[in-house]
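Structure first, commentary second.
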Amino acid sequence: MNFNEKVWELTKKIPFGRVSTYKELANALNAKAYQAVGNALNKNPYAPVVPCHRVVKSDGTLGGFATGCENKIKLLEQEGIMIKENRIVDFEKKMIRFGTVQNVSDF
DNA sequence: CTAATGACATTTG
DNA sequence: ACAAATGCCATTA
């Protein structure tokens with residue numbers, strides 16, 4: 001299993017209504033290649049399978065999207081995530097950390 | 001193998 | 001707070 005497949009598998013595990021960051025994704029894979037994570041998501045062949053729109057930058061901004069960041073915003077809003085000025089609202093609460101159980105009550 | 005690239009991150013001006 | 005510069009790691013040419 002190469003690095004990209006790991007990234008995609010992990011991305012598929014992001015639950016509905018939550019988001020994660022490239023850095024946390026790489027950290028969960030025990031690697032530091034956050035940029036390579038974004039690179040993998042960019043050319044992922046599992047476009048509809050992998051919820052790439054739930055992956056954002058570490059500071060809460062959206063980052064990029066293959067089919068346009070506007071589309072990314074729409075997808076996230078469909079999942080109940082509010083976007084303000086290209087930034088995720090309550091990002092700290094929405095962000096998921098793999099390996100740690102998150103509190104669902106505040107969402 | 002070497003060089004260039006990117007949906008990034010961190011530091012600096 | 002914003003923009004530029006630098007560092008980073010896997011992938012690709």
Side-chain angles (χ1 to χ4, degrees):
Chain A
M1 182 181 272
N2 50 35
F3 185 82
N4 292 10
E5 295 189 15
K6 288 183 187 177
V7 173
W8 299 323
E9 289 298 313
L10 200 53
T11 306
K12 282 194 296 188
K13 292 172 188 161
I14 302 178
F16 187 91
R18 307 301 290 266
V19 297
S20 184
T21 70
Y22 301 95
K23 186 175 186 178
E24 283 297 323
L25 231 52
N27 186 36
L29 293 175
N30 208 21
K32 304 155 206 167
Y34 3 90
Q35 188 148 35
V37 172
N39 216 337
L41 288 177
N42 174 28
K43 27 189 155 160
N44 77 89
Y46 307 96
V49 185
V50 179
C52 348
H53 57 277
R54 297 186 190 144
V55 185
V56 297
K57 300 220 302 185
S58 62
D59 53 352
T61 57
L62 288 182
F65 200 58
T67 61
C69 56
E70 303 298 327
N71 199 345
K72 189 171 186 174
I73 295 178
K74 286 184 179 179
L75 287 169
L76 288 175
E77 287 182 339
Q78 285 179 12
E79 307 207 352
I81 299 178
M82 298 185 302
I83 311 297
K84 189 69 177 179
E85 295 297 315
N86 217 53
R87 188 167 295 225
I88 292 187
V89 181
D90 294 331
F91 168 67
E92 308 253 335
K93 297 178 183 176
K94 308 292 184 188
M95 186 183 77
I96 198 178
R97 282 195 193 186
F98 295 92
T100 65
V101 182
Q102 294 277 313
N103 191 354
V104 196
S105 58
D106 58 349
F107 128 87

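By convention in this document, chain letters (A, B, ...) are assigned in the order of the sequence lines, proteins followed by strands, and residues within each chain are numbered from 1.
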Electrostatic pair A/Glu9-A/Lys12, nearest N-O below 4.0 angstrom: yes
A/Asn42 side-chain N/O to B/dA7 phosphate OP1/OP2 under 4.0 Å: yes
Under-4.0 Å side-chain N/O to phosphate OP1/OP2 contact, A/Lys23 with B/dT10: yes
A/Asn86 CG to C/dA1 P, straight-line distance once rounded to whole Å: 15 Å
Side-chain N,O (A/Ser58) to OP1/OP2 (B/dA9) below 4.0 Å: yes
Value in whole Å for how far the P atom of B/dC8 lies from CG of A/Asn27: 18 Å
Of A/Arg87 and A/Tyr34, the one whose closest DNA chain C nucleotide lies more 5': A/Arg87
Within-4.5 Å side-chain heavy-atom neighbours: A/Phe91 and A/Val56: yes
Separation of B/dA7 C1' from A/Phe3 CZ (nearest whole Å): 14 Å
Interatomic distance where CG belongs to A/Asn39 and P belongs to B/dA9 [whole Å]: 13 Å
Value in whole Å for how far the C1' atom of B/dA7 lies from CG of A/Asp59: 13 Å
Shortest non-hydrogen separation from A/Trp8 to A/Leu41 and the atoms involved: CD1-CD2, 4.0 Å
Test item: A/Arg18 side-chain N/O and A/Ile96 main-chain N/O as donor-acceptor pair under 3.5 Å: no
Length of the line joining A/Asn2:CG and C/dT12:C1', which is rounded to integer Å: 13 Å
Crowding at CG, A/Asn2 (>12 non-hydrogen neighbours, <6.0 Å): yes
Atom pair distance, as rounded to whole Å: CD in A/Gln35 and P in C/dG7: 14 Å
Protein-nucleotide distance (A/Met1, atom CE; C/dA10, atom P), rounded to Å: 17 Å
Sugar-phosphate, base or nothing in reach of A/Cys69, heavy atoms under 4.0 Å: nothing
Touch class at under 4.0 angstrom, heavy-atom based, for A/Asn4 against every strand present: sugar-phosphate
N/O donor-acceptor pair, side chain A/Tyr22 with base B/dA9, under 3.5 angstrom: no
Sugar-phosphate, base or nothing in reach of A/Asn44, heavy atoms under 4.0 Å: base
